[in-house]
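Below: one structure, written as structure tokens.
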There are 2 protein chains.
Amino acid sequence: MRSVQEPTIRDVARAAGVSYQTVSRVINGNERVAEATRRRVQTAIGELGYRPNRAARELAGKAVRSLTVLTSDTSLYGNAAALRGIEEAARTAGFAVSISVLDRHAALDAEELRARLVRPGEPVIVIAFDAAGVRALELLPADVPVTALVERPPGDDPDPRHVWLDDRLAATRATRHLLGLGHPTVHCLALPSSTAHTAQRTEGWLDALREAGVDAPAPIDGGWTPRSGYLAARGLLERHPDATAVLCGNDDLALGMLRAAREAGRRVPDELSVVGFDDTPASAYLAPALTTVRLDFEGLGRTGFGLLHRLLDPSAPGQEPCAEPELIVRESSGPGGRGIG
Amino acid sequence: MRSVQEPTIRDVARAAGVSYQTVSRVINGNERVAEATRRRVQTAIGELGYRPNRAARELAGKAVRSLTVLTSDTSLYGNAAALRGIEEAARTAGFAVSISVLDRHAALDAEELRARLVRPGEPVIVIAFDAAGVRALELLPADVPVTALVERPPGDDPDPRHVWLDDRLAATRATRHLLGLGHPTVHCLALPSSTAHTAQRTEGWLDALREAGVDAPAPIDGGWTPRSGYLAARGLLERHPDATAVLCGNDDLALGMLRAAREAGRRVPDELSVVGFDDTPASAYLAPALTTVRLDFEGLGRTGFGLLHRLLDPSAPGQEPCAEPELIVRESSGPGGRGIG
DNA sequence: TGCGCTGATGTGACCGTTCACACAAGAGTC
DNA sequence: GACTCTTGTGTGAACGGTCACATCAGCGCA
């Protein structure tokens, strides 16, 4: 089919005057090859431009270095950044990365997953920040090597194949920041939870309110996009005209919140403080620039890959840990309520 | 290696009481199989949960349905949307999608590309909106089946393996819109060009100015991000304090422009009109909401895949065409100069 | 009745690699 | 000098499919 035939291990062997098995040994870094022979083979490889055939290698039972990422939407900032981290770490380790996108709306079933989304024997990393990812994770057969990027799992004995950022702590810090500015309470515009439990960011918000002995208003359900944030924010402002501070599930929701506030004539941060999550590249340039919590999604992606790598090969090197959540105070949060005002 | 052995074609054959070749025929939809036999085989396949082994299939010379997407940064809106379009179309057609990310800063060489980024025989789609993508496209060996998502190529005889959106026309329309509002001229905050030529969006802007008989100010070079847009915009406003309208290479640059304008005390749109490109999900919620040109990146991705598919298999179905660029007028553009003011 | 034709099915070789094993040559030991 | 032991290298058989070809039954037709 290809006009120029790729050279095979036997072509190399012939060129180097050795057997094909010796070439295989050189390729795989086997010790038991004389230095002179090894050099001869490597020269032949270089001259012929030989590349090992993945399919043949895989068929012959060699663990093949590839993985599939399962994710719902590559254009969300967190997902895209995590994907970048995975891809980078994987490529460094010589893994090829495939990607399968989960439809957030269609109900996924195990058959579909097995038949079309993951290949037999292929290891998988699931970006499971949302319900679609979590569902895929549940449906994955037990014998598939898998790690997952998740919200912090509830319970004391979390799955060792999961990695997460400390969203709960991040939310607590952001909420403390707002309470510290003098706001009597903080409202919450929440992301959809990925599980049946309350989302971690919402839990962290509750933690801080409880800690301060403040009654928690009911959190408002948002989606993932600026549009859904905007719609939810309008509802929030209508029901709580007295709100002075809102913690939003991500920067996109916060953007929608900012707009809704503007339309309602609520000046940010003078009358209303808004805080987001993720520190997207846009957030520093919004009007007003968004106070947010920077989360190391790229690092999380690298960590997720590292965990999978060690699952497949226990001698694989460890990964640097992710950065801690970091509150970035900008213009959208300011003194409120019983504060300096 | 896997704890549970996957069933093979021979297991299915045994279960159905036929030869392995008959099973192969059923899998590949060969006509010459008796209806009763076919059904028996399909039942066996279902019961055993048989899936064809990709590696074996590929090794035996069957064209294997997979492709690699080469792109520089999955978190840019255009790239992410195009990737989504490719993935969707590819999955519908039964193709697996791999992804290799090009480092925008490191100089790519042909060896690296061949050795690590694309697999032997694997077809490729390059998202070549930027220089890194275009360079990868140039370095790709001639025998690799490839299509590319590019800026409109200059010249009368464009490469038939390329697809593009009409960025030039889009820019012309956006510029006409601004001129029509009465602005004496329109400045341009340009994306980095992907080639040695002037970027298509810049050309389209020049077209409209020429058409209106207006002198074109020198375009200002921006990058791809809000930050780079902000920095370039500060320079622009300093050098041209009289500017009343700016066309920005994408919505992210426009966001940076909006911020720079605010800091310089230039009210948008009263004193300065700003127009972007792409219609990102955020653009409708910015302050002010951004006038922009909606571009069908997802459709372009689908088209790029369709072209590749037909390259591999001329009988593959055609694709629906992409949507035309559409100007979305929002709040950031308004009357200027000799207009109603 | 014997012929060729056609549709349905089976057999053998091969794709490019790895693995398990066999084997040859030289070094060290007694 | 016969013995193990080590080191380097070669041979045969998988791996799970596809392809080309062989076979075989049933049919129409002269």
Side-chain angles (χ1 to χ4, degrees), chain A residues 1-2 4-42 44-45 48-66 94 96 119-122 312-313, chain B residues 1-42 44-45 48-66 94 96 119-122 313:
Chain A
M1 169 157 284
R2 196 85 317 102
V4 187
Q5 266 289 1
E6 290 273 330
T8 76
I9 200 173
R10 282 165 223 261
D11 296 327
V12 175
R14 208 170 311 119
V18 295
S19 79
Y20 56 83
Q21 176 58 3
T22 300
V23 177
S24 173
R25 277 193 267 263
V26 171
I27 297 166
N28 294 294
N30 191 308
E31 291 298 310
R32 297 269 166 87
V33 179
E35 195 46 42
T37 314
R38 176 187 309 279
R39 242 195 302 276
R40 212 143 27 95
V41 169
Q42 257 150 0
I45 288 177
L48 295 176
Y50 166 79
R51 290 179 289 183
N53 180 313
R54 285 185 92 92
R57 195 172 243 189
E58 184 178 343
L59 186 56
K62 178 107 180 179
V64 67
R65 312 198 121 208
S66 71
R119 308 190 225 185
E122 175 103 339
L312 298 170
D313 170 10
Chain B
M1 169 156 287
R2 194 86 316 103
S3 50
V4 187
Q5 265 288 2
E6 290 273 330
T8 76
I9 200 173
R10 283 162 223 262
D11 296 327
V12 175
R14 209 171 308 119
V18 295
S19 78
Y20 56 81
Q21 176 59 358
T22 301
V23 177
S24 173
R25 277 192 267 263
V26 170
I27 297 167
N28 294 294
N30 191 310
E31 291 298 310
R32 299 269 165 89
V33 179
E35 195 45 42
T37 313
R38 177 188 309 278
R39 243 195 301 274
R40 212 144 27 94
V41 169
Q42 258 150 1
I45 288 177
L48 295 176
Y50 166 79
R51 290 178 289 182
N53 179 314
R54 283 185 94 90
R57 194 172 246 189
E58 183 178 341
L59 186 57
K62 180 108 179 176
V64 67
R65 313 198 119 205
S66 71
R119 307 189 224 183
E122 175 103 339
D313 170 10

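Because only heavy atoms are used, hydrogens play no part in the values below, and waters and symmetry mates are left out as well, while side chains stay in. Within every chain, numbering begins at 1; the chains are lettered A, B, ... in the order of the sequence lines, protein sequences first and strands thereafter.
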Quiz item: Among the nucleotides C:dT18, D:dT9, D:dT18, which one has an atom lying closest to any side-chain atom of B:Ala60?
Solution: D:dT18

Quiz item: Under the 3.5 Å rule, do the base of D:dC19 and the side chain of B:Gln21 count as making a donor-acceptor pair?
Solution: yes

Quiz item: Where each residue is assigned the nucleotide of DNA chain D containing its nearest heavy atom, which of B:Ile27 and A:Val18 is assigned the position nearer the 5′ end?
Solution: A:Val18

Quiz item: Distance-only, no hydrogens or angles: does the B:Arg54 side chain make a donor-acceptor pair with backbone N or O of B:Arg65 under 3.5 Å?
Solution: yes

Quiz prompt | Whole-Å gap separating P (D:dA14) and CD (A:Glu58) | solution = 20 Å

Exercise. Please state how far atom CZ in B:Arg10 lies from atom P in C:dG12, giving the value in whole angstrom units.
Key: 11 Å

Practice problem: Using a cut-off of strictly less than 4.0 Å, decide whether B:Asn28 has a side-chain nitrogen or oxygen near OP1 or OP2 of D:dT18. | Solution: yes

Exercise. Please lay out, stage by stage, how B:Arg57 and B:Ile27 fare under the test side-chain contact (heavy atoms from CB on, under 4.5 Å).
Key: CA-CA 12 Å; B:Arg57 194 172 246 189; B:Ile27 297 167; 3.1 Å; yes

Quiz item: Does A:Arg54 make a side-chain donor-acceptor contact with the base of C:dG16, cut-off 3.5 Å?
Solution: no

Practice problem: Counting heavy atoms from C-beta on, name the nucleotide in D:dT18, D:dT9, C:dG16 closest to the side chain of A:Ala34. | Solution: D:dT9

Quiz item: Nearest-Å distance, CG (B:Leu59) to C1' (D:dG17)?
Solution: 8 Å

Self-check item: Phosphate contact (D:dT9 OP1 or OP2) by A:Thr37 side-chain N/O below 4.0 Å
Solution: yes

Practice problem: Give A:Arg32 one of three labels, base, sugar-phosphate or nothing, depending on what nucleic acid heavy atoms sit under 4.0 Å from its own. | Solution: base

Quiz item: Do any side-chain nitrogens or oxygens of B:Ser19 fall under 4.0 Å of OP1 or OP2 in C:dG10?
Solution: yes

Quiz item: Taking OP1 and OP2 of C:dC19, is either one under 4.0 Å from a side-chain nitrogen or oxygen of A:Tyr20?
Solution: no

Quiz item: When you match A:Ala56 and B:Gly17 each to their closest nucleotide on DNA chain C, which lands nearer the 5' end?
Solution: B:Gly17

Quiz item: Atom CZ of A:Arg38 to atom P of D:dT7: distance rounded to whole Å?
Solution: 14 Å

Quiz prompt | Separation of C:dT17 C1' from B:Asn53 CG (nearest whole Å) | solution = 13 Å

Practice problem: Quick one: closest heavy-atom pair of A:Leu59 and B:Ala55, and the distance? | Solution: N-CB, 4.1 Å

Quiz item: Taking all atoms of both residues into account, what is the closest heavy-atom pair of A:Val26 and A:Arg38, and its distance?
Solution: CG2-CA, 4.1 Å

Quiz item: Side-chain N or O of A:Ser24 less than 4.0 angstrom from OP1 or OP2 on C:dT17?
Solution: no

Quiz item: Just how far, in rounded Å, is C1' of C:dG16 from OH of A:Tyr50?
Solution: 8 Å

Practice problem: Report yes or no: is there a donor-acceptor pair, N or O only, under 3.5 Å between the side chain of B:Arg25 and the base of C:dG10? | Solution: yes

Practice problem: Examine distances only and state if a side-chain atom of A:Asn28 and a backbone atom of A:Asn30 form a donor-acceptor pair shorter than 3.5 Å. | Solution: no

Practice problem: Look at the side-chain N and O atoms of B:Thr8 and state whether any lies under 4.0 Å from the OP1 or OP2 oxygen of D:dC15. | Solution: no

Quiz item: To the nearest angstrom, how far is B:Arg57 atom CZ from C:dG16 atom P?
Solution: 18 Å

Quiz item: For B:Arg40 and C:dT9, what is the distance between atoms CZ and P respectively, to the nearest whole Å?
Solution: 8 Å

Self-check item: Nearest heavy-atom neighbours spanning A:Glu122 and A:Ser66
Solution: OE1-OG, 2.9 Å

